[in-house]
Amino acid sequence: MLRAVLRSVFRDRHRFLLPAMAVLIGVACVSGSLLYTQSLARGAARLQHASRPDVSVEVRPDGSGTAEGTAAPDEALRHRLSALSGVTAARGTLRGRAFLVGRDGSLVGPPSAATGVNFVPRGHGPDPRYPMTRGRGPHGPGEVAVDRWSARRAGYRVGDRVRVVVAGEVRSARLTGTFTVYDPATADGGTVLAFDEPTARALFAPAPGRYASVTLTAAPGTSASALAERVTRALPRGLEAVTRARLDAEAAEAPDRRKLGTLLLFAGIALFVSAFLVSNTFTMLGTVRARELALLRAVGASRRRVLGTVLAEAAVVGAAAAVAGYALGVGVATLLADLFPAAAGPASTAPLDVLSPLPLLTALCVGVGFTAAAAYLPALRASAVAPVAALRTSVPDPAVSLRRRNRIGSAVTAAGALLLIAGQGELGALCVATSVLLTGLILLTPQAARAATRVLRAPARRLAGMSGTLALANVCRNPRRTAGTAGALTVCLALVSAVTVGLSSLSATAGREAEAAMPTDLRITAVDFAEINARTAAKVARLPHVAAAGSVREVGLRLREGSDVWAAVVDPEAVGPGRLADLTVHTGDLADLPRGIAVTRDLAAEHGWRLGDRLTGRRLSDAGAPAGPVLEREIVAVYDGPESLGPALLPESAVTGKGAPSVEVTSVLVRAEAGRTAAAKEEIRRALRNPALLVEDRVDAVRNAGQGFGALRSVLYAMLSVTAVVAALGVANTMSMAVFERTREIGLLRVVGLDRAGVRSLLWVESVVVSALGAGSGILAGVAAGVAAVAGQSGAVVSVPWMSLSALLVGAGVVGVLAALGPGARAVAVPVTRAIAGEVG
């Protein structure tokens with residue numbers, strides 16, 4: 001049996017080539033994703049170990065309390081821990097955001113990986129975490145040391161004056177030295193800036209006199225676990241002692257989970273699309289080899305034997321594709337590492353372990369198991385060929401009614417549509433609903449093909465003559481094959497269309513929100529992960545062409561009855577009549593805001609509040625839990641205004657402690673003098689000289705909000721393009737197999753006068769129609785899924801980019817033309833005499 005299977009696969013190798021390529025692509029995506037994420041995990045663990053070589057045990061908050069109630073280690077605790085037996089050193093760790101400004105005035109590296117740390121030399125010697133390569137460590141607030149990779153990128157040398165952005169301010173400091181560091185920040189292409197201990201404490205301490213964590217170095221002969229147990233007994237409530245092994249394990253798990261899930265999701269989609277190609281191939285082979293299979297039955301082979309033979313062929317094809325796919329997967333993993341490299345500093349990936357058991361076994365199981373599963377139904381149908389069919393000169397396709405299929409398809413499509421409506425806004429429900437809808441549309445494809453051919457018959461005859469008429473007849477000749485071929489494109493275009501609608505809607509929603517958040521001429525915001533200094537508004541207000549400027553903060557309140565209210569914290573003077581924004585006061589007076597709270601008319605109506613009512617509650621922490629003292633405010637005004645100044649207003653005094661405000665500034669609103677908006681914008685930029693701050697007018701805000709999704713769109717389209725390649729292979733495979741099936745038919749057409757160009761036109765029209773059917777169903781399902789996902793989100797704008805979707809439909813037609821080029825060339829290359837004799841391939 002094995003020899004027969006191998007002989008059959010080798011004989012029909014040209015027919016198995018394209019489905020094997022589809023499986024190969026899916027296996028390569030799966031194995032490449034696993035290899036890459038394993039490399040990430042090993043690299044992260046290695047980086048964690050190298051970044052803090054002096055750590056045996058870390059003391060950190062256990063996260064059991066609220067933001068203000070969570071314990072944090074202080075200097076007194078560090079001294080106590082350093083005196084424990086088995087401890088040779090105890091170091092307080094401080095870490096925060098600090099940005100390095102390049103010579104060109106832009107930030108060096110991505111803002112998400114800009115880090116500031118405390119430089120702690122051991123005695124008067126070096127800092128073991130940040131060994132200097134040139135110069136010395138920083139002493140005093142006017143000095144800073146920078147990791148050597150960032151200094152090299154920015155073109156700085158020891159002794160240069162550099163600009164850094166920290167705590168929302170631009171500072172000038174002297175670069176005293178460069179150091180080597182192995183840190184997640186530099187692995188992500190960011191920067192590490194080291195400040196002396198007092199400066200770092202003032203900038204990054206979670207609270208006065210506190211550290212983010214305390215790390216301990218064990219004495220020789222003391223194990224980390226034993227030291228952790230000893231330290232735990234000395235810790236106050238709210239802190240925990242974590243061993244080095246646990247820290248390394250956490251680091252190894254952190255970077256790969258979400259990324260692995262995303263990569264495997266798209267690999268699974270590619271495999272799912274490949275299933276249509278594999279199933280279609282074995283279905284068509286079953287038709288071509290019907291007499292051969294019937295002859296096996298006639299000489300005594302059982303249905304089980306025929307079924308096993310076909311499945312064995314599928315397993316052989318899958319095994320060959322798995323081996324080649326794994327080899328390609330190594331290249332995919334290398335490509336991923338190149339596409340997402342460390343922009344500077346040590347790489348965050350370890351060398352690929354190409355002989356790792358998990359990717360190897362996964363590739364083999366996916367290749368063999370998936371191909372066999374996709375071929376099972378065609379193999380089952382092939383095993384049902386009657387032995388008497390071996391006596392016939394040909395085995396025509398049985399004419400099976402489509403009524404049952406159409407009824408089921410209509411019911412499934414209707415169920416999918418209802419599920420989409422019911423599951424708006426719920427991702428899991430939408431995924432199920434979209435799958436059901438796609439299944440229904442694929443079941444209805446044969447009926448859609450018949451309807452399309454009736455509509456296209458006259459245009460096809462005018463454009464392609466008799467070739468067009470014959471092509472449309474061929475589309476309907478085997479409607480199930482047409483559905484199987486179009487199904488791959490349906491799934492692919494559904495995904496692309498859903499992503500297109502979703503991203504277009506997100507962009508439109510962001511633009512509308514950005515416009516609504518601009519109640520004044522100009523707005524100052526920070527780039528992601530940066531902050532605005534509390535003194536920025538006062539500095540801007542003094543500029544010549546600025547009429548008014550004020551900071552806006554955001555704070556949540558948990559009221560006594562249990563509801564939450566979000567308020568904009570403002571300077572009462574800034575929101576007065578004729579100042580920052582035009583607020584319509586219905587009752588009360590905003591001049592009384594310093595002693596109370598103002599609420600919008602909608603919020604007051606929602607809660608039944610009236611002027612003079614008193615609201616009592618506590619502020620919400622970043623974790624969403626009530627924290628801090630009780631706040632009691634009287635409603636002094638009911639107003640209407642822009643979203644950025646609502647649904648309530650609080651004065652700055654309500655959230656101000658003894659020192660600086662305890663709530664970060666989210667934006668600074670600026671009103672320019674009449675007709676001087678552009679001049680005021682340039683003045684602000686020159687005055688601040690802070691690349692971590694964005695100064696926007698209304699046009700800038702809308703444009704920047706829409707551009708924020710460009711990178712995400714590129715990544716998603718790049719991943720989905722893999723499924724498009726597989727879908728195109730499916731169309732090409734079907735047309736190629738159709739040429740082999742219809743060799744005699746094509747020869748007869750040549751005899752009665754159809755020239756070579758006519759044969760090519762016939763195949764082109766057929767391929768384009770099949771591609772358009774699949775694309776049309778996919779775009780319909782994708783638009784429905786995208787609209788349902790967006791419509792379920794409160795305040796979202798539904799935007800359907802018809803031009804982009806039309807381009808997808810045209811692209812599907814181009815795929816059809818390209819897919820028919822090879823089969824068309826082979827069809828006209830067969831001599832007419834051989835074709836009439838029915839000599840195939």
Side-chain angles (χ1 to χ4, degrees), residues 39-60 73 78 81-82 84-96 98 113 115-138 145-151 176-188 190-197 200 204 211-228 230-231 240-255 342 344-351:
S39 173
L40 276 181
R42 292 196 309 274
R46 185 179 63 181
L47 191 65
Q48 162 71 18
H49 190 84
S51 65
R52 299 192 291 180
D54 56 335
V55 176
S56 302
V57 173
E58 181 180 55
V59 175
R60 65 186 186 186
R78 188 189 71 81
L81 294 178
S82 64
L84 291 177
S85 62
V87 176
T88 59
R91 173 187 179 124
T93 299
L94 295 167
R95 194 177 181 94
T115 303
V117 298
N118 57 325
F119 188 82
V120 186
R122 185 165 290 179
H124 295 288
D127 186 330
R129 291 189 192 174
Y130 310 110
M132 306 302 299
T133 56
R134 290 187 180 180
R136 59 172 177 80
V146 179
D147 69 273
R148 65 185 180 94
W149 295 284
S150 300
T176 62
T178 60
F179 52 84
T180 300
V181 64
Y182 296 91
D183 190 275
T186 56
D188 290 337
T191 58
V192 176
L193 279 63
F195 300 86
D196 70 302
E197 182 82 7
F204 308 131
Y211 293 106
S213 66
V214 171
T215 58
L216 308 176
T217 305
T222 302
S223 68
S225 57
L227 181 59
R230 193 175 305 157
V231 169
E240 63 176 348
V242 183
T243 63
R244 182 54 181 268
R246 180 176 164 188
L247 293 173
D248 291 345
E250 290 174 352
E253 291 179 0
S348 57
T349 55

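Below, each value reflects all heavy atoms present in this structure, side chains not excepted, and no hydrogens, waters or symmetry copies.
- A distance-only check finds a donor-acceptor pair linking the side chain of R230 to the backbone of S85 [under 3.5 Å].
- The main-chain N or O of L94 is found under 3.5 Å from a side-chain atom of N118 such that the two form a donor-acceptor pair.
- Counting all heavy atoms, side chain and backbone alike, A194 lies closest to P138 at O-CG, 3.4 Å.
- Interatomic distance, S150 OG to L193 CG, rounded to the nearest 0.5 Å: 7.5 Å.
- A 4.5 Å side-chain heavy-atom check between W149 and T180 finds at least one atom pair inside the cut-off.
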(message) If you apply the rule side-chain contact (heavy atoms from CB on, under 4.5 Å), what do you find for D147 with T191, and how did you get there?
(response) CA-CA 7 Å; D147 69 273; T191 58; 4.2 Å; yes

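- Between the CG atom of L84 and the CG atom of L227 there is a distance of 7.5 Å, given to the nearest 0.5 Å.
- Surrounding CZ of R134 are at most 12 heavy atoms belonging to other residues, nucleotides or ligands under 6.0 Å away.
- Smallest separation of non-hydrogen atoms from V57 and A241: CG1-CB, 3.9 Å.
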(message) Could you walk me through whether T133 and T178 satisfy the side-chain hydrogen bond (donor to acceptor under 3.5 Å, both in side chains) test, starting with their C-alpha distance in whole Å, then the side-chain angles of each, then the deciding distance to 0.1 Å, before giving a yes or no?
(response) CA-CA 6 Å; T133 56; T178 60; 2.9 Å; yes

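- In plain terms, the two heavy atoms of S225 and T243 that are nearest each other are CA-CG2, 4.0 Å.
- Judged purely by atom type and a 3.5 angstrom limit, R244 uses its side chain to pair as donor or acceptor with the backbone of V55.
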(request) Begin from the C-alpha positions of V231 and L216 and carry the test side-chain contact (heavy atoms from CB on, under 4.5 Å) through to its verdict. (result) CA-CA 10 Å; V231 169; L216 308 176; 3.4 Å; yes

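- Between the side chains of R129 and T215, at least one donor-acceptor pair of N or O atoms lies under 3.5 Å.
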(request) Mind running side-chain contact (heavy atoms from CB on, under 4.5 Å) on F204 and R95 for me, showing each step along the way? (result) CA-CA 6 Å; F204 308 131; R95 194 177 181 94; over 6 Å; no

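- Scanning for ring-ring contact (aromatic ring centres under 6.0 Å, His included) contacts around F119 gives an empty result, with sequence neighbours left out.
- A salt bridge does not link E58 to R91: none of the charged nitrogens lies less than 4.0 Å from a carboxylate oxygen.
- A distance-only check finds no donor-acceptor pair linking the side chain of S56 to the backbone of A224 [under 3.5 Å].
- Residues D127 and V120 come closest through the heavy atom pair OD2-N, 2.8 Å.
- Judged by distance alone, with hydrogens and angles left aside, the side-chain atoms of S213 form no donor-acceptor pair with the main-chain N or O of T93 at under 3.5 Å.
- Side-chain contact between V214 and L81: present, with at least one pair of heavy atoms (C-beta onward) separated by less than 4.5 Å.
- Within the 4.5 Å cutoff, side-chain heavy atoms of F179 are placed close to those of V192.
- At least one side-chain heavy atom of V117 sits under 4.5 Å from a side-chain heavy atom of Y130.
- Nearest approach of T88 to A218, heavy atoms of both residues: OG1-O, 3.9 Å.
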